[in-house]
Amino acid sequence: QVQLVESGGGLVQAGGSLRLSCAASGRTFSSSPMGWFRQAPGKERDLVAAIRWRDGSTFYADSVKGRFTCSRDNAKNTVYLQMNGLKPDDTAVYYCAAGPPYSGVLGPYDYWGQGTQVTVSS
């Protein structure tokens with residue numbers, strides 16, 4: 001059974017940093033993309049960052065480019081989202097997701113974590 005478990009969310013002041021973690025289990029992810037999505041109240045769920053396990057190539061949405069960094073630890077089967085320079089607009093529930101093997105970083109994604117709340121105060 002595939003499981004994605006996020007952690008690391010919380011409340012932070014504008015300009016601060018948080019690191020989200022996503023521990024993956026249940027199948028081999030070495031050929032899959034891993035994405036970080038976020039959803040703010042009343043808004044759609046958007047892809048903000050993604051990484052491919054096999055070569056570490058990354059994608060970032062324009063809104064987070066230069067502030068967020070996606071990385072992976074193959075030994076721990078864990079991906080991370082380092083978020084620096086946080087802004088109130090970054091407030092959302094952040095979800096980790098896994099795509100099918102050999103699919104692209106833009107999707108589709110077929111497994112999802114439960115989400116973790118990130119709140120940035122001004």
Side-chain angles (χ1 to χ4, degrees):
Q1 181 180 358
V2 173
Q3 277 197 312
L4 303 175
V5 180
E6 302 106 333
S7 60
L11 173 65
V12 65
Q13 288 189 332
S17 298
L18 284 173
R19 189 177 81 155
L20 306 183
S21 300
C22 173
S25 62
R27 70 166 167 88
T28 301
F29 293 92
S30 59
S31 301
S32 297
M34 300 293 292
W36 286 98
F37 290 74
R38 68 185 181 189
Q39 186 168 23
K43 295 189 176 181
E44 294 185 351
R45 188 176 297 188
D46 293 324
L47 177 67
V48 296
I51 188 167
R52 290 196 306 200
W53 281 107
R54 68 180 186 271
D55 60 8
S57 60
T58 53
F59 161 84
Y60 298 100
D62 288 343
S63 58
V64 306
K65 206 169 289 185
R67 300 187 297 123
F68 290 12
T69 303
C70 198
S71 62
R72 76 205 191 288
D73 184 330
N74 291 345
K76 295 182 178 179
N77 235 25
T78 299
V79 294
Y80 304 96
L81 185 67
Q82 177 67 42
M83 305 185 294
N84 299 328
L86 283 163
K87 307 174 182 180
D89 283 351
D90 295 318
T91 295
V93 177
Y94 283 71
Y95 298 89
C96 171
Y102 304 106
S103 59
V105 292
L106 297 182
Y109 288 87
D110 51 3
Y111 290 102
W112 297 83
Q114 81 286 356
T116 185
Q117 176 71 45
V118 171
T119 302
V120 184
S121 63
S122 56

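- With hydrophobic clusters built from ILVMFWY side chains whose heavy atoms lie under 4.5 angstrom apart, Leu4 shares a cluster with Val79.
- Taking all atoms of both residues into account, the shortest heavy-atom contact from Pro108 to Ser103 is O-OG, 4.1 Å.
- Tyr95 and Leu20 end up in different hydrophobic clusters when Ile, Leu, Val, Met, Phe, Trp and Tyr side chains are linked at under 4.5 Å.
- The main-chain N or O of Pro101 is never found under 3.5 Å from a side-chain atom of Ser31 such that the two would form a donor-acceptor pair.
- Atom CZ of residue Arg72 and atom CD1 of residue Ile51 lie 5.0 Å apart, to the nearest 0.5 angstrom.
- Using modelled atom types, one finds a donor on one side chain and an acceptor on the other under 3.5 Å when comparing Arg38 with Tyr94.
- Closest heavy-atom contact between Cys22 and Met34: SG-CE, 4.3 Å.
- In this structure the side chain of Asn77 reaches within 4.5 angstrom of the side chain of Phe29, judged on heavy atoms.
- Heavy atoms from other residues, nucleotides or ligands lying under 6.0 Å from NZ of Lys65 number more than 12.
- Rounding to the nearest 0.5 angstrom, the gap separating the OG1 atom in Thr91 from the CD atom in Gln117 is 7.5 Å.
- To the nearest 0.5 Å, atom SG of residue Cys96 and atom CH2 of residue Trp36 are 5.0 Å apart.
- For the pair Leu18 and Leu86, the minimum side-chain heavy-atom distance is below 4.5 Å.
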Starting from the C-alpha separation in whole Å, work towards a yes-or-no answer on salt bridge (charged side-chain N to carboxylate O under 4.0 Å, His left out) for Asp90 and Lys87. CA-CA 5 Å; Asp90 295 318; Lys87 307 174 182 180; over 6 Å; no

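- The closest side-chain heavy-atom distance from Thr119 to Val12 is not below 4.5 Å.
- Rounding to the nearest 0.5 Å gives a distance of 7.5 Å between CH2 of Trp53 and CG of Asp73.
- Residues Tyr60 and Val105 fall into different hydrophobic clusters, defined by Ile, Leu, Val, Met, Phe, Trp and Tyr side chains chained together at heavy-atom separations under 4.5 Å.
- Residues Trp112 and Arg45 are in side-chain contact: their nearest non-hydrogen atoms beyond the backbone lie under 4.5 Å apart.
- Scanning all heavy atoms of the two residues, the minimum distance from Lys43 to Gln39 falls at O-NE2, 3.1 Å.
- One finds the CG atom of Asn84 at 8.5 Å from the CZ atom of Phe68 (value rounded to the nearest 0.5 Å).
- Atom OG of residue Ser63 and atom CG of residue Asp46 lie 8.0 Å apart, to the nearest 0.5 angstrom.
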Could you walk me through whether Ser32 and Arg54 pass the side-chain hydrogen bond (donor to acceptor under 3.5 Å, both in side chains) test, one step at a time? CA-CA 8 Å; Ser32 297; Arg54 68 180 186 271; over 6 Å; no

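- Of the possible polar contacts, one joining the Glu6 side chain to the Gln114 backbone as a donor-acceptor pair under 3.5 Å is found.
- When all heavy atoms of Leu47 and Ala61 are compared, the closest pair comes out as O-CB, 3.7 Å.
- Defined by atom type and a distance below 3.5 Å, a donor-acceptor pair is present between the side-chain atoms of Ser57 and Arg52.
- The aromatic rings of Tyr109 and Phe37 lie perpendicular to each other, with more than 60° between the two planes, well past the 30° mark.
- Heavy atoms only, all atoms of each residue included: Ala92 and Ala40 are closest at CB-N, 3.8 Å.
- A 4.5 Å side-chain heavy-atom check between Tyr80 and Thr69 finds every atom pair outside the cut-off.
- Residues Met83 and Ser17 fail the side-chain proximity criterion, which asks for heavy atoms closer than 4.5 Å.
- The two residues Pro88 and Ala14 have their closest heavy-atom pair at CD-CB, 4.1 Å.
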